[in-house]
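FYI, side chains are in, hydrogens and waters are out, and symmetry mates aren't considered; it's all heavy atoms of this structure. Worth saying up front: this structure is predicted, and the values here are computed from it rather than measured. Every chain is numbered from 1 and lettered A, B, ... according to where its sequence line falls, protein lines coming before strand lines.
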Amino acid sequence: MTMYGVPSHWRRYKERYRLSGTRCETCGNIYFPPRKVCPHCRREGKPVSMNFSGKGKVYTFSVIRVPSEGFEAYAPYVIGLIQLEEGPKVTTQIVDCSPEEVYIDMPVEVCFRKLREQGKEGIICYGFKFKPTTDAILKK
Amino acid sequence: MVGIVSYGVYIPRWRIKTEEIAKVWDQDADRFKEGLLVEEKSVPSLDEDTVTLAVEAARNALNRSPEVNAKEIGALYVGSESHPYAVKPTATIVAEAIDATPSLTAADMEFACKAGTAGLQACMGLVKAEYVKYGMAIGADTAQAQPSDALEYTAAAGAAAYIIGRDSVIADIEGTYSTTQDVPDFWRREGEGYPQHGGRFTGEPAYFTQVVNCTRGLMERLGTKPKDYDYAVFHQPNGKFPLRAAQILGFDKEKVMPGLIVTKIGNTYSGASLLGLASVLDQAKQGDRILVTSYGSGAGSDSFSIVVTNLIEEKRDLAPSTEFYINRKEYIDYAHYSKFKRQLRGFVN
Ligand SMILES: [Zn+2]
């Protein structure tokens, strides 16, 4: 049986597996998700791919209590807007962290998790999520 | 000489206590705690599996060895009995996630709880023959047990990754030796959700025969004696078995305790002996000699004799310790455990 969405997931491996974005060598701007063209420099831009350190802070967050289909078992869970060390912001689930534990400016780091499964027969999509940093846990 | 360049571990955050499981089945918690010496076990989150555990351990191993470029890893093996796909290697996903692709050989290993050490031996061979600069061997499992089976008290989740190489090693591997025999002590047929086991039969002819003979075989070949070792790590399906194996072989209990972590996290299957070794490397000093013997049902053992070098000090703190992960915990009740293990009927994803 042919599964839909397999090629589109595969094309985003670098971004989803390794938190890979784009840096423009002309203006120095950094982008996530990756861009083919620098929106600032347009034709003069020289976009190259770069891996982020995976460290950041919680810029803002929201607790999801009424989840969308397929995520019922995860509720309640935390969705955060993470400001990466390098600048760009990423929307992601914050795991290993209950709604009571999360706070603005909490230091977080990237981790590798299952994003979703295409039923029992389909592929398992893996990718990044964020979790509290080791230092943040040790300080608690 | 071939040795360990780096190591990294990962244990999920969730724990369930022996009492909590015993309560559900009206069993005597103290009997299991005394019989197994397991107080609690680790449980993976809904979005964790053997692949994600292996990636976290692999990344910790890379963080502990800044001199290793992931692209220089020429071989990657993931040993597990809980690979998420029946067809589609875990090792491919791990290699992609750590950016070791595309120039490497990769494969999944299977040999019950000793698949991780089987990968370690394969890496040693390739490194020693200079086919690859570095090899990475991972033991990872999210073990499944039939609800109310005795195995439910111990079947846990965890992973350990080792980078094998010739240079900048934190520990030399002096030698390795294995034993293998056909013993039907534990098995799972294709398509079945949970493993079956031979009850009491799993002890004598299986675990103890392999672990004891393999360890003796290695020491005979190297001309070493139990007194030559500062630490001993044996596969730990529970707390009792490794202590008894140590007693039969003549290793003091004090040499086993630093690597005996099953009491706090349960049996991590392919991760177990490698996590035990990591726990020892977290505290060993230059010159310390460590004996490691894994065990896989079916049945067989791999033994290793390892001597720690001075480089351990500068690399040790570059990644979280085993103790950090053991202490990073949150307890769940049996209802949440069932949800996390997807044991609830009609629960699709
Ligand atoms: Zn630009």
Side-chain angles (χ1 to χ4, degrees), chain A residues 3 6 9-10 12-20 49-51 53-55 67-75 77 92-98 100-101 109-140, chain B residues 10-14 44-60 62-63 70 83-88 90 92-102 142 159 317-321 323-325 327-330 332 336 338-344 346-349:
Chain A
M3 290 285 171
V6 175
H9 173 64
W10 184 71
R12 295 176 69 187
Y13 270 0
K14 272 172 73 169
E15 161 194 343
R16 283 187 174 161
Y17 280 19
R18 305 197 288 266
L19 200 65
S20 185
S49 88
M50 68 170 281
N51 288 342
S53 69
K55 304 257 187 203
S68 47
E69 203 186 324
F71 295 89
E72 293 87 350
Y74 289 88
Y77 59 91
T92 179
Q93 189 183 342
I94 303 173
V95 296
D96 287 350
C97 174
S98 66
E100 297 75 40
E101 290 169 300
E109 63 191 1
V110 75
C111 62
F112 195 78
R113 295 290 174 111
K114 279 194 279 194
L115 301 181
R116 64 194 163 84
E117 289 174 50
Q118 299 188 332
K120 276 193 174 313
E121 295 87 28
I123 61 163
I124 306 166
C125 298
Y126 295 95
F128 69 82
K129 291 184 182 179
F130 276 73
K131 62 173 180 183
T133 62
T134 302
D135 289 343
I137 294 165
L138 285 173
K139 270 187 205 131
K140 237 177 37 177
Chain B
Y10 182 80
I11 301 164
R13 186 194 192 206
W14 312 102
S45 303
L46 275 164
D47 58 356
E48 291 183 302
D49 63 14
T50 290
V51 166
T52 68
L53 266 51
V55 169
E56 294 291 330
R59 285 181 175 167
N60 279 333
L62 283 164
N63 287 338
H83 293 290
Y85 286 96
V87 178
K88 164 84 178 124
T90 300
T92 58
I93 307 167
V94 176
E96 198 71 61
I98 63 169
D99 207 5
T101 52
T142 53
D317 296 333
L318 298 177
S321 67
E323 195 186 14
F324 165 78
Y325 282 112
N327 294 334
R328 181 194 76 140
K329 63 181 172 186
E330 206 65 49
I332 51 174
H336 281 88
S338 286
K339 185 169 97 167
F340 283 15
K341 302 294 275 182
R342 293 156 200 259
Q343 284 168 357
L344 305 175
F347 179 62
V348 217
N349 50 81

Discussion item. So, taking the atom named CG in B/N63 and the one named OG1 in A/T134, what distance separates them when rounded to the nearest 0.5 Å?
Written reply: 9.5 Å

Worksheet entry | Atom CD of A/E101 with >12 non-hydrogen neighbours under 6.0 angstrom | yes

Response to the item:
On a heavy-atom basis, the closest approach of B/A97 and A/F112 is CB-CE1, 3.7 Å

Discussion item. Is B/L53 in contact with chain A via its backbone, its side chain, both, or neither, using a 4.5 Å heavy-atom distance?
Written reply: neither

Item to complete: Apply side chain to side chain contact (heavy atoms under 4.5 Å, CB included) to the pair B/D99 and A/N51, showing each step before the final yes or no.
Response: CA-CA 10 Å; B/D99 207 5; A/N51 288 342; 3.9 Å; yes

Item to complete: Go through the steps for A/D96 and B/R328 under the test side chain to side chain contact (heavy atoms under 4.5 Å, CB included), then give the verdict.
Response: CA-CA 10 Å; A/D96 287 350; B/R328 181 194 76 140; 3.0 Å; yes

Fill in: OG1-OH distance between B/T52 and A/Y126, expressed to the nearest 0.5 angstrom
7.0 Å

Discussion item. Checking B/F324 against A/I137 for the side chain to side chain contact (heavy atoms under 4.5 Å, CB included) test, could you report, in this order, the C-alpha distance in whole Å, the side-chain angles of both residues, the deciding distance, and whether it holds?
Written reply: CA-CA 9 Å; B/F324 165 78; A/I137 294 165; 3.9 Å; yes

Discussion item. Please classify the contact between A/C97 and chain B as side chain, backbone, both or neither, with a heavy-atom cut-off of under 4.5 Å.
Written reply: backbone

Discussion item. Return the NZ to OG1 distance between A/K14 and B/T101, rounded to the nearest 0.5 Å.
Written reply: 10.0 Å

Worksheet item: Which answer fits B/Y85, side chain, backbone, both or neither, if we ask what part of it has an atom under 4.5 Å from a heavy atom of chain A?
Response: side chain

Response to the item:
OH of A/Y77 to CG of B/D47, rounded to nearest 0.5 Å, is 11.5 Å

Discussion item. If you compare all heavy atoms of B/R59 against all heavy atoms of A/R18, which two are closest, and at what distance to 0.1 Å?
Written reply: NH2-CA, 4.5 Å

Worksheet item: Around B/K329, counting heavy atoms of other residues, nucleotides and ligands shown, do more than 12 lie under 6.0 Å from its NZ?
Response: yes

Item to complete: Might you work through the side chain to side chain contact (heavy atoms under 4.5 Å, CB included) test for B/E48 and A/K114, ending with a clear yes or no?
Response: CA-CA 6 Å; B/E48 291 183 302; A/K114 279 194 279 194; over 6 Å; no

Worksheet item: Below 4.0 angstrom, N of the basic side chain to O of the carboxylate: do A/K131 and B/E56 qualify?
Response: yes

